[in-house]
Protein chains: 2
Amino acid sequence: MNKPARKTRSGARGSITIKDVARYAGVSPMTVSRVVNGSQYVSDATRQTVLQAVRRLGYSPNIAARNLASARGERMGLLYGNPSASYLSEFLVGALDAATRHGVQLVLEKCELTPAASRRAVRRLVSGGAVGAVLPPPLCESTVICAELQAARMQIVAVAAGRPPAELMCVRIDDFAAAREMTRYLLALGHERLGFIKGHPNQTASEERWRGFSSVIQEAGHLPAPRVEQGFFTFRSGLDAARKLLAAEPAPTAIFASNDDMAAAVMAEAHRRALEVPHDLTVVGFDDSLIASTIWPGLTTIHQPIAQMAGEAVDLLVTAVRGGKGHGPAESAHRLVAYELVARESAARPKGAAV
Amino acid sequence: MNKPARKTRSGARGSITIKDVARYAGVSPMTVSRVVNGSQYVSDATRQTVLQAVRRLGYSPNIAARNLASARGERMGLLYGNPSASYLSEFLVGALDAATRHGVQLVLEKCELTPAASRRAVRRLVSGGAVGAVLPPPLCESTVICAELQAARMQIVAVAAGRPPAELMCVRIDDFAAAREMTRYLLALGHERLGFIKGHPNQTASEERWRGFSSVIQEAGHLPAPRVEQGFFTFRSGLDAARKLLAAEPAPTAIFASNDDMAAAVMAEAHRRALEVPHDLTVVGFDDSLIASTIWPGLTTIHQPIAQMAGEAVDLLVTAVRGGKGHGPAESAHRLVAYELVARESAARPKGAAV
DNA sequence: CGGGAGGATGGTAGCGATACCACGACGGGG
DNA sequence: CCCCGTCGTGGTATCGCTACCATCCTCCCG
């Protein structure tokens with residue numbers, strides 16, 4: 001004689017289980033499971049009924065049970081190793097949020113850019129049970145890492161690569177268009193003598209940004225040739241580039257740096273030369289990383305919805321991993337998300353310009 | 001007739017289960033479970049045997065199964081909402097790592113500092129199934145949030161509160177001692193005219209740092225009174241403070257800002273006045289946040305092992321939640337971790353000093 | 001010296017979900 | 001017209017672990 005109480009109504013803790021849904025929809029638990037997991041072997045009518053029951057009851061699958069039964073750990077790896085590190089924070093927030101939503105575990109792994117370190121990181125990820133990996137920049141550009149991961153049969157999503165290889169899943173903004181918009185913004189303010197600091201040549205996004213900038217300049221036609229310096233996405237490299245740009249005669253009235261760290265460096269160098277930003281010099285960046293809003297005056301820059309991108313990357317990964325079982329091999333998926341030009345205090349009309 | 005294969009030897013995927021350990025140790029699975037979960041009802045001899053078996057076999061419990069069976073979702077909340085935001089990234093890394101180690105889920109929740117927003121955030125956390133919460137600064141100072149959380153019967157760990165209430169669990173560095181060390185460092189370099197920028201008065205850590213600084217000054221005795229300005233941990237407030245400090249006659253040769261954002265602002269202002277750091281002015285910060293190593297010259301500062309602290313916070317939380325069941329109420333636990341003075345390029349001997 | 005308290009251990013029944021098979025209902029070719 | 005392949009669905013057996021009891025044994029006290 002067992003105590004019969006407590007099993008009369010669903011789970012002990014009152015949460016909705018798959019059985020509740022099944023009963024409500026008048027089907028078997030199995031069918032509910034199939035619907036929830038997107039199996040093809042369910043009639044449309046049944047599927048609708050079940051989905052409605054799910055919605056009505058507010059059912060959400062118990063992750064622990066699912067993992068236990070399916071023995072698929074469903075851990076997603078997140079390889080990081082970030083030179084321009086302010087990125088990571090927001091990225092993690094977005095990724096973690098999506099992971100929680102899907103009930104998968106996120107496993108972090110730090111990774112230097114050397115081949116040996118890459119291999120080690122990937123191995124740790126594999127032995128940690130990860131079945132997919134998110135690659136924020138600049139790791140997404142590393143062919144070594146990608147090759148290693150693919151050899152381990154992992155799904156990969158690259159985030160914010162400028163021109164990702166077609167066979168990889170990818171989430172990014174349109175760097176080219178964003179750079180164009182920013183450049184047009186500078187021209188619209190009345191700037192004519194422009195300076196540009198390129199990003200790290202290893203990253204394809206750098207070239208996209210540069211292409212965007214120069215395409216607008218060329219279209220405008222009548223402008224003096226912009227001064228261009230090579231940077232490497234670091235504050236230090238921005239400082240060097242700024243020194244050269246500002247030493248020129250005549251100096252540019254506006255400088256477009258390929259990321260925020262370098263833009264911050266331009267501001268620092270400008271101040272050292274007793275140039276007020278934005279009164280004497282307009283400075284704009286790219287990324288809207290933390291430093292952009294930390295410093296004063298705040299940096300006009302291109303906002304990347306980093307958290308959202310990270311979230312979508314995890315979404316993509318989960319879909320690929322789950323779908324990869326039922327359907328064919330993962331179809332190549334590229335996702336473009338919207339950027340936004342954020343105008344803060346670092347950009348204004350050039351000094352002599354008419355209002 | 002079922003296929004008998006695959007259950008002959010432990011799990012399908014070859015992983016070690018509790019039964020393997022039990023068989024190896026010659027006890028029942030229940031006993032193994034007790035040992036692993038630290039129940040008191042196990043004899044020492046048995047415990048040793050089991051532990052040895054665990055080690056020998058490399059057993060690690062299946063988290064999914066554990067969560068399923070015990071119906072304890074074991075989600076930990078992480079409330080954030082960070083003005084000095086560069087903190088968050090490293091914090092998340094540490095917290096997530098520890099969470100993965102313990103097999104608990106981390107649930108993020110953003111939270112403004114208003115009472116209404118706090119209440120909402122806590123409610124979301126509760127309904128999300130969190131049983132404990134980590135509070136990074138500055139949230140750990142909010143009595144509203146703490147009260148709300150305690151009302152929801154959650155375990156709380158405050159991180160990096162300067163002087164935490166005794167009844168809260170807490171992980172922090174010794175702000176007082178760290179500030180003392182930094183101040184002594186400045187004196188050892190030969191600085192005598194010092195400036196200090198206080199942190200936000202709402203945060204107890206601010207006062208600890210200030211007390212540390214001034215205690216060393218007082219002990220030294222012979223120095224001119226330091227110039228002190230009130231800051232609020234933001235770049236902007238650091239700029240204002242720096243302006244006042246550097247306008248003084250004679251100006252200080254070294255400025256100690258209560259965090260890195262403000263120190264970065266001091267450097268910016270110094271450069272604007274054509275003062276070279278560290279040649280003309282020494283600037284030091286506190287926290288070793290990202291900006292400290294992003295800018296150039298790099299900031300000499302106090303390194304807080306943020307990731308480690310976040311990890312310990314999660315450890316503490318897990319222990320409290322798990323232990324809270326078998327043992328008495330959680331004993332108050334304060335954990336002090338080691339800080340480190342990181343000397344970068346922003347501090348040097350004062351200009352006129354003998355070498 | 002017996003009975004009861006309580007420590008140490010084992011047995012059994014799930015937790016909530018999926019894997020795998022079985023089964024009925026179609027539909028088209030031989 | 002029957003057989004067989006495929007679709008849609010339900011049943012059953014776990015997945016690895018812990019809750020909850022039942023049990024045995026020891027030791028203390030009256």
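Because the structure is predicted, anything quoted here is derived from the model rather than measured.
Using modelled atom types and a 3.5 Å distance limit, the side chains of A:R56 and A:Y24 yield a donor-acceptor pair.
No donor-acceptor pair closer than 3.5 Å links the side chain of A:N37 to the backbone N or O of A:S39. Between the side chain of A:S70 and the backbone N or O of A:R66, at least one donor-acceptor pair lies under 3.5 Å. A donor-acceptor pair is defined here as one N or O able to donate and one able to accept, closer than 3.5 Å; such a pair exists between the side chain of B:H334 and the backbone of B:L168. When atom types are taken as modelled, the side chain of B:T46 and the backbone of B:V42 share no donor-acceptor pair closer than 3.5 angstrom.
Protein atom CD1 of A:I16 is 13 Å distant from nucleotide atom C1' of C:dG16, rounded to whole Å. Regarding B:N37, its CG atom lies at a distance of 17 Å from the P atom of D:dG16, rounded to whole Å. In this structure, A:R23 atom CZ and D:dG10 atom C1' are separated by 16 Å, rounded to whole Å. Per the geometry, CG belonging to A:L68 stands 12 Å off P belonging to C:dA17, to the nearest Å. Note: CZ (B:R66) to C1' (C:dG14) measures 18 Å, nearest angstrom. Atoms CG (A:N67) and P (C:dC15) sit 18 Å apart, rounded to a whole Å. With rounding to whole Å, B:M30 atom CE is found 12 Å from C:dT9 atom P.
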Anything under 3.5 Å between a protein N or O and an N or O of nucleotides 4-8 of chain C, put it in a table, one pair a line.
{"residue": "C:dG7", "atom": "OP2", "partner": "B:Y41", "partner atom": "OH", "Å": "3.3"}

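Both B:R34 and B:A65 lie close to DNA chain D; mapped to their nearest nucleotides by heavy-atom distance, the more 5′-ward contact belongs to B:A65.
With B:E109 as the partner, the side chain to side chain donor-acceptor pair (under 3.5 Å) test is satisfied by one option alone out of B:R124, B:R120, B:R123: B:R124.
Near DNA chain C, meaning a heavy atom under 4.0 Å away, the residues from residues 56-64 of chain A are A:Y59, A:P61, A:N62.
In this view, A:R119 and A:E148 satisfy the salt bridge (Lys or Arg N to Asp or Glu O under 4.0 Å) rule, not counting sequence neighbours.
Between A:S28 and the phosphate of D:dG10, there is a side-chain N or O to OP1/OP2 separation shorter than 4.0 Å. Phosphate contact (OP1/OP2 of D:dC17, side-chain N/O of B:S70, threshold under 4.0 Å): absent.
Using a 4.5 Å heavy-atom cutoff, the side chains of A:C140 and A:P164 are not in contact. In this structure, the side chains of A:Y59 and A:V36 come closer than 4.5 Å at one or more pairs of heavy atoms.
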